Amino acid sequence: MFQTRILADSLDVNLRLETLGITKQELVTIAISAATARNDAVSIDPINAPGQLSYIFGTRAIRLALLPKGWVLDRTDNIEATFNKELNIKIIFQNVESACSKQPPKAISSKGDATKRLVANNSLYLWPEMEHEFNAQENTSVWFLCVSTKNDEIRAELSRPHSIEGNQFGEFIERIFILTDNNWNPINHIEDTSNLNNQEFDIQVTRK
């Protein structure tokens, strides 16, 4: 049976995240940005509007946090990711049914062949000119910031899947718990975004 490494203790989480070039507070802020964006949806919007808004603002928040630190915007194979070339790590935002539970997170949107290739570190490419880019990213560690929202509770974990089975996450190599039902308190997690519009970013985009 596959053994998943789960980190939930605050000290262990902080030490592990340090090796990944990101902090727990950054991930908390990202998760809250994504979850609260759902509130902008109104009844006349498409039924999937809350999830779409969460995905858009979650992806944006990841990049707001990481691009100033040297990460780059990545859209290889049309997958929106944020890439650390030095650490060879990608982070992708993902809405899930329930994060930080006994069961592995289940993506709300089904996963396609492109994600399956990415998780499997498959260097297949669609066009010859993409060969160099895919080979350069072979063996990249792919992590998903999994966020779930139920009522007023936000949960989040940064987790690395071992595979995609069918159209869903299979087993996970590692799961790092960021926000759980034990430490979520909306009063203590108020996001300050007052200076976001004043930030400037040198955005690098890799070839699709």
Side-chain angles (χ1 to χ4, degrees), residues 13 17 20-69 71-75 78-84 89-101 104-112 114-115 142-161 167-169 175-201 203 205:
V13 167
L17 291 177
L20 300 177
I22 193 168
T23 69
K24 181 176 181 179
Q25 186 54 53
E26 286 171 336
L27 294 176
V28 167
T29 299
I30 293 165
I32 294 172
S33 296
T36 56
R38 291 176 171 272
N39 297 329
D40 289 336
V42 296
S43 60
I44 59 174
D45 285 340
I47 195 169
N48 64 341
Q52 284 287 345
L53 288 170
S54 178
Y55 169 74
I56 290 169
F57 279 82
T59 300
R60 178 189 295 179
I62 289 174
R63 290 168 175 169
L64 285 171
L66 298 183
L67 295 186
K69 299 167 66 172
W71 295 59
V72 297
L73 187 155
D74 185 89
R75 289 176 172 143
N78 293 318
I79 297 174
E80 294 286 346
T82 308
F83 184 36
N84 187 314
I89 293 170
K90 284 188 180 183
I91 295 180
I92 300 168
F93 181 84
Q94 179 66 59
N95 288 308
V96 297
E97 293 184 358
S98 182
C100 303
S101 67
K106 183 178 180 181
I108 291 179
S109 58
S110 60
K111 303 292 96 184
T115 304
V142 181
W143 295 77
F144 288 80
L145 179 57
C146 301
V147 177
S148 64
T149 306
K150 292 183 178 180
N151 299 321
D152 292 329
E153 181 183 277
I154 302 172
R155 295 188 184 187
E157 62 180 80
L158 183 67
S159 297
R160 181 185 177 190
N167 295 319
Q168 191 54 254
F169 291 128
R175 299 173 64 195
I176 305 173
F177 289 5
I178 306 301
L179 271 177
T180 69
D181 56 351
N182 293 324
N183 60 23
W184 165 244
N185 184 338
I187 296 177
N188 295 329
H189 295 98
I190 299 175
E191 179 187 8
D192 181 7
T193 58
S194 59
N195 66 338
L196 292 185
N197 292 330
N198 296 324
Q199 296 189 39
E200 296 182 0
F201 303 99
I203 298 177
V205 183

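On a predicted model such as this, the values are computed, not experimentally measured, just so you know.
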Starting at NZ of Lys90, measure out to CD1 of Ile79 and round the result to the nearest 0.5 Å.
7.0 Å

Nearest atoms (heavy-atom pairs only) where Ser148 meets Ala99
OG-N, 3.1 Å

Taking the side chain as C-beta and beyond, is there a heavy-atom pair between Ser159 and Gln94 under 4.5 Å?
no

Is Lys24 reaching over with its side chain to a backbone N or O of Val13, donor-acceptor style, under 3.5 angstrom?
no

If we only count heavy atoms from C-beta on, is the Ile91 to Ile22 side-chain gap below 4.5 Å?
yes

Roughly how far, to the nearest 0.5 Å, is OG of Ser101 from CZ of Arg175?
5.5 Å

Just so I know, are the side chains of Ile176 and Leu20 near enough to count as touching, which here means a heavy-atom distance under 4.5 Å?
yes

Inter-residue atom distance Leu145.CG - Thr59.OG1, 0.5 Å rounding:
9.5 Å

At their closest point, which heavy atom of Pro105 faces which heavy atom of Val96, and how far apart are they?
CB-CG1, 3.9 Å

Once you round to the nearest 0.5 Å, how far does CD1 of Ile56 lie from CD of Glu80?
10.0 Å

Would you please classify the geometry between the Phe169 ring and the Phe144 ring as parallel, tilted or perpendicular, with 30° and 60° separating the classes?
perpendicular

Minimum side-chain heavy-atom gap Val142-Thr115 below 4.5 Å
no

Shortest non-hydrogen pair, Leu158 vs Ile178, comes out as N-CG1, 3.9 Å

Is there side-chain contact between Ile30 and Leu27, with heavy atoms separated by less than 4.5 Å?
yes

Do Ile89 and Trp71 have side-chain heavy atoms sitting under 4.5 Å apart?
yes

